[in-house]
Amino acid sequence: MTPTIARLLQMPPSADPVEVQAWVRTKRSSKNVVFIALNDGSTMRNLQAVVNLDDGTITEADLAEVTTGAAVRLKGNLIPSPGSEQAVELKTCAVHVLGPADPEAYPLQPKKHSFEFLREKAHLRFRTNVFGAVFRMRHAMTYAIHTFFHERGFYNIHTPIVTASDCEGAGAMFRVSTLDPKAPPLLPDGSIDWSQDFFGRSTNLTVSGQLEAELAAMALGKVYTFGPTFRAENSNTSRHAAEFWMIEPEVAFADLNDNADLAEEFLKFLVKWALDHCKDDLEFLNKRFEEEEKTKKQEERSEFNLLDKLRFVLDNKFERLTYTEAIEILKNSPPNKKKKFQYPVDRWGIDLQSEHERYLVEKHFKKPTILTDYPKEIKAFYMRLNEDGKTVRAMDVLAPGIGEIIGGSQREERYEVLKRKCEEMKVPTESIWWYLEIRRFGTAVHSGFGLGFERFLMFVTGIGNIRDVQPFPRTPKSAEF
RNA sequence: UCCUGGAUAGCUCAGUCGGUAGAGCAGCUGGCUGUUAACCAGCGGGCCGGGGGUUCAAGUCCCUCUCCAGGAGCCA
């Protein structure tokens, strides 16, 4: 294999011949000299190839097909660059076009394109600076996540993608079926006979690996899942996708405080990793973020740029408070008193709206905030009931600019209490009998949380739309690529 | 799903009171002794999202559908 551009840019100038294979970003020419900016995805930075036309080794005809988007192989040697943008450049002695790109038809230009346009060109958008940076960082964060858990003795568990449990309480699911949609087998009452389907029952794509992860935690101690999840909700926002990846640690013998400690340590580890390992990409994204902010109205601009925000998260302890305390703060807050909230905060028990969470995180505390101990009515059946009988050991981690980035809880480990709550909340237990039964044999306090991977990527890259941190986003009415 | 705003050249957008289509960038051609989104000059480029209606006449007004964006809800 030829060396990557990332490697070449770190090599000292030398008379030794080198070969590079990459895609052309731009070509600039004057009478006797041509500059070709090359990128191979290995780094944000381009390699500048210089072609001298005056000695006749390479002619203008040789460069006719060297146009934006073309794949090329160049031979030459590295020399010190007189230009200010790079330390070395490639003095080129041979040019070979591997795959031309018709300049009349190639959609990407050496200029800034809108995200909306690039979403329609998802097959080509990897070749832009932004998406190169985003997907290199997506990889770096994936690696960091596995590293974090591995170093702390967690085991990665692959929970099923096809599941029969439809009571995970996280919205509509995608059905998985091999039955003939035009003529499915019917029961005498006219309903579909799922017993004749592939799995002998009705199945769906998973909305969470948590329930299964809990089973593994009750034997392996500390586990985490990292896989795709699916929601068939008709959500049309910049923060929702029908297919997304979730990280769900689950820890035996850990209570909610341990859980919150883990969540905070985890987020800080990932942010530090990004700052330490993704310098070029982050600096580029930071510049882009600042330019984006300039186009916004004064009151909508964020106080921090991307890099400052990340360092701030790293340097400050997350705020922790209970739902009850949060309600008191919100009740007495200026926007509530001035009736600026669309949903007024008037009593204990209401569900917090985005505007309330944003006020707490962005205006009141101005840092990531962990809210705990919510009213049981507004949280899932599996969360552990507190001694007061009114609240559960839930926690939401709220991040500035994103909102809820982590949702978790201490799980209800008491068989009788869990059974009673399932009945109260009308959770059908037939398909999750195993989830209850694990509580009958060596049950123990345990906790876990879910981090939306793309939500985190939005936070760490400063990209405002979830569709731009996924290579091939699936959203309502959209699955082109 | 709801609210708001959009869809005009390859891209980003302008288009007045309803009167038959415009700019910048990109592309192509030429010029220029080292550029960094190079620069300078010239040239080509349009089913004005689809359908229906009003009108002598619709990019422009009305209805409708599709898709897109932002916000809300749901959540991660």
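So that the names make sense, note that chain A is the first sequence line, chain B the second, and so on, each numbered from 1. The model shown is predicted, which means the values in this text are computed figures rather than measured ones.
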Rounded P spacing from rA14(B) to rU60(B) in Å: 16 Å
Contact nearer the 5' end of RNA chain B, comparing Met246(A) with Gln342(A): Gln342(A)
Phosphate-side-chain proximity, Arg239(A) and rA72(B), N/O vs OP1/OP2 below 4.0 Å: yes
Residue mapping more 5' on RNA chain B - nearest nucleotide basis, Tyr343(A) or Leu451(A): Tyr343(A)
Atom C1', compared across rG15(B) and rA9(B): separation rounded to whole Å: 14 Å
Salt-bridge contact Glu85(A)-Arg45(A) (side-chain N to carboxylate O under 4.0 Å): no
Paired nucleotide for rC39(B) [Watson-Crick or G-U wobble; both distances under 3.5 Å]: rG31(B)
OP1 or OP2 of rA26(B) under 4.0 Å from side-chain N/O of Thr68(A): no
Short side-chain N/O contact to rA37(B) OP1/OP2 from Lys111(A), under 4.0 Å: no
Contact under 4.0 Å: Ser478(A) side-chain N or O vs rC67(B) OP1/OP2: no
Distance-only donor-acceptor test, Ser235(A) side-chain atoms vs rC75(B) base atoms, 3.5 Å: no
Among rA72(B), rU35(B), rU33(B), the one nearest Asn32(A) by side-chain distance: rU33(B)
Check: Glu355(A)/Tyr343(A) side-chain N/O donor and acceptor closer than 3.5 Å: no
Pair of N/O donor and acceptor under 3.5 Å linking rC75(B) base with His240(A) side chain: yes
Strand partner of rC13(B), provided both Watson-Crick or wobble distances fall under 3.5 Å: rG22(B)
Trp273(A) and Phe148(A) aromatic centres sub-6.0 Å: no
Among rA38(B), rU36(B), rG34(B), the one nearest Val33(A) by side-chain distance: rG34(B)
Aromatic ring pairing Phe266(A)/Phe449(A), orientation class (parallel under 30°, perpendicular over 60°, tilted between): tilted
Short side-chain N/O contact to rC74(B) OP1/OP2 from Thr237(A), under 4.0 Å: no
Nearest atoms (heavy-atom pairs only) where Leu282(A) meets Val460(A): CD2-O, 3.4 Å
Close side-chain approach of His146(A) and Thr142(A), heavy atoms under 4.5 Å: yes
Side-chain N or O of Arg28(A) closer than 4.0 Å to phosphate OP1/OP2 of rU35(B): no
Distance, P atom - from rG71(B) to rC61(B), rounded to whole angstrom: 27 Å
Proximity to the side chain of Lys477(A) - top-ranked nucleotide from rC75(B), rA69(B), rC68(B): rC68(B)
rA38(B) OP1/OP2 closer than 4.0 Å to side-chain N/O of Arg25(A): no
For rA7(B), the Watson-Crick or wobble counterpart (both distances under 3.5 Å): rU66(B)
Nearest-angstrom distance from the residue atom NZ of Lys27(A) to C1' of rG27(B): 13 Å
rC68(B) OP1/OP2 closer than 4.0 Å to side-chain N/O of Arg467(A): no
Assigned partner base of rG44(B), Watson-Crick or wobble definition, under 3.5 Å: none
Closest to the Gln48(A) side chain, choosing from rG27(B), rU36(B), rA38(B): rU36(B)
N or O in side chain of Ser114(A) less than 4.0 angstrom from rU12(B) OP1/OP2: yes
Pairwise C1' distance, rG45(B) and rG24(B) [rounded to whole Å]: 15 Å
Salt bridge Lys279(A)-Glu283(A), side-chain N to carboxylate O under 4.0 Å: yes
Base-pairing mate for rC2(B) - Watson-Crick or G-U, with both contacts under 3.5 Å: rG71(B)
side-chain N/O Gln353(A) vs rG73(B) OP1/OP2, d < 4.0 Å: yes
Closest listed nucleotide, where the reference is the side chain of Glu89(A) and the choices are rC75(B), rU35(B), rU1(B): rU35(B)
Ser30(A) side chain near rU35(B) phosphate (N/O to OP1/OP2, under 4.0 Å): no
Quiz item: Gln109(A) side-chain donor-acceptor pair to rG27(B) base, under 3.5 Å: no
Distance test, side-chain N/O of Asn465(A) to OP1/OP2 of rG70(B), below 4.0 Å: yes
